[in-house]
Amino acid sequence: VQEMLFKWPDGSVNISGELLKPDSFQKIVIIAGPEGPNPRYIQGQLIDSLLDNSIAVLTYDERGTGNSTGDFSSAGYFDLAADITLIARNLRRSFGLGVAIGVVGIGDGGWKAMIAANYDKRIEFLGLVGTPGMNGSLWKEEQVKNDHKVCRLKKKKPDETLENYREIHRILSARKKPETQLRELENYLDNIKVSKKKYRKIISPLLRSRLTFIPSQYTGKNMPITLSLIRGVDKKDQVEWQSLSESRPQIEVQTASTIFLSEENDKLSELALNNILAWLSSLSIRDLD
């Protein structure tokens with residue numbers, strides 16, 4: 001185990017990480033957890049299995065959590081993705097070209113990984129586990145349809161909750177100055193009288209960037225070799241990922257009947273674990289360049 005500290009040159013944020021190394025390795029996997037804040041998001045069985053297969057693992061505290069500095073409450077996807085590029089840059093400096101560096105993103109943590117890989121070619125592979133392929137607003141709509149009680153802003157019916165999120169997305173998608181958008185969003189939330197807890201969540205840059213995220217924007221020419229593992233029952237998501245993979249041969253889509261064993265997404269199913277390990281173990285990155 002090697003403790004690591006990744007410092008932004010301007011001194012604004014320090015990211016605290018931990019590198020777990022087998023005796024010898026040619027790949028390092030950075031684990032990007034879902035949602036947030038995530039101090040050392042741990043997929044214990046996944047990490048153990050990677051180490052057993054001679055793959056090193058880097059886990060880290062997201063900015064503003066654990067031993068990392070900064071402010072998580074003011075962070076959106078671009079900020080969290082930038083921290084991944086900072087980690088990749090430092091790992092490349094430490095280990096040179098002899099080690100391949102990639103990210104396994106869990107849930108919408110895969111979106112952070114996609115943005116990071118789009119802007120930094122040091123990230124050579126992505127394993128996206130349960131990461132939505134549809135854009136953020138549609139993904140949220142699917143969540144509302146599946147369980148509107150978790151998503152609702154107040155005690156309303158599913159169609160009313162759905163319209164709330166559609167209106168929020170319309171406000172955030174308008175071509176206006178960020179401060180004007182935020183003011184209109186605040187006014188809308190005041191008008192529908194959401195709770196303080198929901199208000200804080202929706203105002204947060206993370207949720208706002210989630211609603212406006214479009215995966216297809218990050219599957220262009222810089223997309224590294226990628227596995228997208230999704231649940232076979234998520235038909236709309238499957239269609240979206242298949243569509244993305246048709247235009248980008250470096251994207252491989254696999255399905256599993258079960259990916260996570262708990263609602264917290266903190267434990268992978270054995271089937272999902274085997275799919276990820278088989279793909280990572282067989283990956284010959286430089287041969288595919």
Side-chain angles (χ1 to χ4, degrees), residues 29-35 43 46 77 81 84 100 102-121 123-147 151 162 165-166 169 173 209-261 263 265 268-285 287-289:
V29 164
I30 303 167
I31 304 288
E35 295 187 359
Q43 280 280 353
L46 172 62
Y77 277 128
I84 296 175
V103 186
V104 169
I106 309 296
D108 66 332
W111 285 351
K112 306 170 197 175
M114 288 171 68
I115 296 172
N118 186 68
Y119 292 105
D120 197 325
K121 291 185 178 180
I123 298 171
E124 299 177 86
F125 62 91
L126 296 178
L128 309 177
V129 186
T131 296
M134 61 184 73
N135 71 56
S137 60
L138 291 179
W139 176 51
K140 195 65 181 179
E141 288 185 17
E142 288 300 306
Q143 288 183 308
V144 173
K145 292 173 185 176
N146 292 334
D147 189 355
C151 300
L162 196 57
Y165 279 104
R166 284 174 176 167
H169 183 256
S173 300
S209 58
R210 184 178 300 144
L211 288 177
T212 54
F213 186 80
I214 302 175
S216 61
Q217 291 182 345
Y218 301 94
T219 58
K221 62 180 181 180
N222 289 341
M223 188 72 170
I225 301 165
T226 300
L227 167 70
S228 176
L229 179 63
I230 55 178
R231 290 197 314 157
V233 296
D234 295 335
K235 298 302 181 185
K236 287 190 176 181
D237 219 17
Q238 193 171 344
V239 169
E240 293 290 340
W241 271 116
Q242 291 292 355
S243 176
L244 293 173
S245 68
E246 286 172 6
S247 60
R248 296 295 168 190
Q250 66 268 51
I251 301 175
E252 179 180 338
V253 181
Q254 296 183 17
T255 60
S257 56
T258 303
I259 293 181
F260 301 108
L261 298 179
E263 292 183 0
N265 293 356
L268 290 169
S269 70
E270 186 174 351
L271 180 60
L273 189 63
N274 289 340
N275 281 32
I276 296 165
L277 288 174
W279 184 79
L280 285 173
S281 299
S282 63
L283 202 58
S284 299
I285 293 160
D287 291 344
L288 296 176
D289 284 346

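This chain uses plain numbering: 1 for the first residue, then up along the sequence. FYI, side chains are in, hydrogens and waters are out, and symmetry mates aren't considered; it's all heavy atoms of this structure. Nothing here was measured: the structure is a model prediction, and the numbers come from that model.
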Student: Considering all heavy atoms of both residues, which atom of G109 and which atom of A32 are nearest to each other, and what is their separation?
Tutor: O-CB, 3.8 Å
Student: First locate atom CE of M134, then atom CD of Q238, and finally report the distance between them rounded to the nearest 0.5 Å.
Tutor: 11.0 Å
Student: Using every non-hydrogen atom in the two residues, find where N118 and Q217 come nearest and quote the distance to one decimal.
Tutor: OD1-O, 4.4 Å
Student: Write down the atom of L261, the atom of L268, and the distance for their closest heavy-atom approach.
Tutor: CD1-O, 3.7 Å
Student: What's the separation between atom OG1 in T131 and atom CH2 in W139, rounded to the nearest 0.5 Å?
Tutor: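 Those atoms lie 9.0 Å apart.
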Student: Would you mind telling me which of S209, P34, P132 makes a side chain to side chain contact (heavy atoms under 4.5 Å, CB included) with W111?
Tutor: P132
Student: Roughly how far, to the nearest 0.5 Å, is the CG atom of L211 from the CD atom of E141?
Tutor: 10.0 Å
Student: Considering non-hydrogen atoms only, spot the tightest contact between I259 and A272 and give its length.
Tutor: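 For I259 versus A272, the nearest heavy atoms are O-CB, 3.8 Å.
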Student: Quick one: does any side-chain atom of T255 pair with a main-chain N or O of I230 as donor and acceptor, under 3.5 Å?
Tutor: no
Student: Return a table of donor-acceptor pairs under 3.5 angstrom between the side chains of residues 273-280 and protein atoms on other chains or two or more places apart.
Tutor:
unit_1, atom_1, unit_2, atom_2, d
N274, ND2, E270, O, 3.3
N275, ND2, Q254, OE1, 3.1
W279, NE1, E252, OE1, 3.3

Student: State the CZ-CG distance between R166 and L138, to the nearest 0.5 angstrom.
Tutor: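 The CG atom of L138 is 9.0 Å from CZ of R166, to the nearest 0.5 Å.
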Student: Indicate the atoms forming the closest heavy-atom contact of A116 with A81, along with that distance.
Tutor: CB-O, 3.5 Å
Student: Would you check if the side chain of D237 reaches a backbone N or O of G133 as a donor-acceptor pair within less than 3.5 Å?
Tutor: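 At least one qualifying donor-acceptor pair exists.
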Student: Nearest 0.5 Å, please: how far is CG in L227 from OG in S282?
Tutor: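 Reported to 0.5 Å precision, the distance equals 9.5 Å.
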Student: Is the NZ atom of K121 crowded by more than 12 outside heavy atoms at less than 6.0 Å?
Tutor: no
Student: Could you tell me which non-hydrogen atom of E124 sits nearest to which non-hydrogen atom of P224, and how far apart they are?
Tutor: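 Looking at all heavy atoms of both residues, the shortest contact is O-CB, 3.3 Å.
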Student: Please round to the nearest 0.5 Å and tell me the distance separating atom OH of Y218 and atom CZ of F213.
Tutor: 5.5 Å
